[in-house]
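Structure first, then comments.
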Amino acid sequence: MPTGPNDIRFQGETGNNLPTAKVTLMTFCTPIEDILMNGTKEWEGAVNQKQHKHLFAMCQCGKVKFEAVGPPILTGSCYCTSCQEAGRQFEQLASAPPVLASDSGTGLILYRKDRVQCMMGQQYLEEHRLKPDSPTRRVIAKCCNSAMFLDFTKGHWLSMFRNRFPTGAPPLEMRVMTKERRVGVELADDMPNYSGHSGKFMLKLIAAWIAMGFRRPEITLGKTVHRAQ
């Protein structure tokens, strides 16, 4: 848990800090004034959401639909062992669409939690955790077993599965946690490849948190499963 506005810790699946990234703003070369300015600009740009692009994520059968407003925090592909394991489990469900790319990465679009809403099909959502005490939960649409989003419950962002956006999905910006990719996978050099989480990745998260006033909205979607009629 963060100990102050200048300190953010990200825990792994089991909460045992594997992987853990302790982010202290002064660690980076970027001045604190620049970070604050970036956060302020994002907040000012969010005042009139009509100017922002609306993207829609849908499950495979179309019964579940999400709306994401404004620009995402970032778009990337994660190769951590947890994302790979979860992807394999979801892909084994009946008629489930693919989650993992051919290189074992999971494409994710990160949004502020206050910019994503479920427009329909909430009753079909169901959460899954790799371990009961994991701070990370992944939510699927049970109607067609489509993986919809990943929620790090201690964070301020929501990671939407990129392949659930039928149109308009922004291109990948980076690959992260590549040190844990499947053995034998060779990655292209068409974008930055980071063995862990890059400084740019962390700074984008910090700027979004500043713009949110250091809030962490709770996402309850999928926590209570209602039987669909």
Side-chain angles (χ1 to χ4, degrees), residues 8 10 21 23 30 34-59 64-80 83 86-87 99-101 105-119 125 136-141 146-178 190-194 196-219 221-222:
I8 298 178
F10 300 96
V23 182
T30 305
D34 290 351
I35 298 175
L36 290 172
M37 183 176 295
N38 289 336
T40 301
K41 288 181 178 179
E42 182 178 344
W43 179 84
E44 291 174 346
V47 173
N48 187 357
Q49 289 192 347
K50 292 183 179 180
Q51 297 179 356
H52 285 169
K53 186 175 182 180
H54 292 233
L55 291 181
F56 300 95
M58 300 182 66
C59 70
V64 176
K65 184 177 182 179
F66 279 80
E67 178 187 43
V69 180
I73 299 172
L74 63 91
T75 304
S77 186
C78 182
Y79 294 78
C80 74
C83 279
V99 177
L100 300 174
T106 300
L108 299 167
I109 304 178
L110 278 63
Y111 278 97
R112 288 169 39 164
K113 285 184 175 179
D114 58 357
R115 291 190 175 179
V116 179
Q117 64 174 330
C118 182
M119 300 181 68
L125 298 176
T136 300
R137 64 190 193 100
R138 295 171 175 85
V139 175
I140 70 170
S146 299
M148 299 303 297
F149 66 84
L150 181 155
D151 175 20
F152 178 58
T153 56
K154 297 180 181 180
H156 56 278
W157 69 94
L158 199 67
S159 302
M160 306 291 296
F161 287 95
R162 185 172 177 270
N163 58 7
R164 298 274 41 94
F165 290 79
T167 60
L172 295 174
E173 301 174 47
M174 63 181 72
R175 299 182 181 96
V176 298
M177 300 303 297
T178 60
D190 54 340
M191 69 185 75
N193 296 314
Y194 300 105
H197 289 110
S198 72
K200 180 180 179 180
F201 180 96
M202 297 302 180
L203 286 173
K204 281 178 173 282
L205 289 180
I206 292 170
W209 197 33
I210 292 172
M212 294 173 68
F214 302 105
R215 294 181 298 110
R216 291 193 183 90
E218 181 182 5
I219 301 296
L221 295 169

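FYI, side chains are in, hydrogens and waters are out, and symmetry mates aren't considered; it's all heavy atoms of this structure. Computed from a prediction, not measured in an experiment: that's the story for all the values here.
For the side-chain hydrogen bond (donor to acceptor under 3.5 Å, both in side chains) test, residues two or more places apart in sequence or in another chain that qualify with Arg175 are Tyr79, Asp190, Asn193. Residues satisfying the side chain to side chain contact (heavy atoms under 4.5 Å, CB included) criterion with Pro170, sequence neighbours excluded, are Leu55, Pro72, Thr75, Ile109. Every residue two or more places apart in sequence or in another chain was checked for a salt bridge (charged side-chain N to carboxylate O under 4.0 Å, His left out) with Arg162, and none qualifies. By the side-chain hydrogen bond (donor to acceptor under 3.5 Å, both in side chains) test, Lys65 is found to be paired with no residue, residues two or more places apart in sequence or in another chain being considered. Residues passing the salt bridge (charged side-chain N to carboxylate O under 4.0 Å, His left out) test with Glu173 are Lys204, sequence neighbours excluded. Contacts of Phe201 classified as ring pair (Phe, Tyr, Trp, His ring centres under 6.0 Å), with partners at least two apart in sequence or in another chain: His197. For Ala147, the side chain to side chain contact (heavy atoms under 4.5 Å, CB included) criterion is met by Phe90, Val99, Ile140, Phe161, not counting sequence neighbours.
A side-chain donor-acceptor contact under 3.5 Å links Lys113 to the backbone of Gly155. Under the 3.5 Å distance criterion, the side-chain polar atoms of Arg164 are matched with a main-chain donor or acceptor of Met58. Under a 3.5 Å cut-off, the side chain of Thr178 and the backbone N or O of Tyr194 do form a donor-acceptor pair.
Distance NE2/His156 to OH/Tyr111: 15.0 Å, rounded to 0.5 Å. A distance of 11.0 Å separates CG of Leu203 from CG of Leu74, quoted to the nearest 0.5 Å. Interatomic distance, Asp114 CG to Arg215 CZ, rounded to the nearest 0.5 Å: 5.0 Å. In this structure, Arg115 CZ and Met212 CE are separated by 9.0 Å, a value rounded to the nearest 0.5 Å. Note that CZ of Arg138 is 10.5 Å distant from CG of Asp151, once rounded to the nearest 0.5 Å. Taking CE from Met119 and CZ from Phe66, the interatomic distance works out to 11.0 Å, rounded to the nearest 0.5 Å.
Cys118 and Leu221 get closest at one heavy-atom pair: CB-CD1, 3.9 Å. Considering every non-hydrogen atom in both Leu172 and Gly107, the closest pair reads CD2-CA, 4.5 Å. Summarising the geometry of Met160 relative to Ala57, their closest heavy-atom pair is CE-CB, 4.0 Å, with the distance given to 0.1 Å. The minimum heavy-atom distance linking Val139 with Gly222 is given by the pair CG1-CA, 4.4 Å. Between Ala211 and Arg112, the closest heavy-atom pair is CB-NH1, 3.7 Å.
Between Leu110 and Leu158, the closest side-chain pair of non-hydrogen atoms is not below 4.5 Å.
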Let me see the working for Arg137 and Ile219 under side-chain contact (heavy atoms from CB on, under 4.5 Å), right down to the final yes or no.
CA-CA 10 Å; Arg137 64 190 193 100; Ile219 301 296; 3.6 Å; yes
Hey, mind stepping through Cys78 and Leu150 against side-chain contact (heavy atoms from CB on, under 4.5 Å) and telling me if it holds?
CA-CA 12 Å; Cys78 182; Leu150 181 155; over 6 Å; no
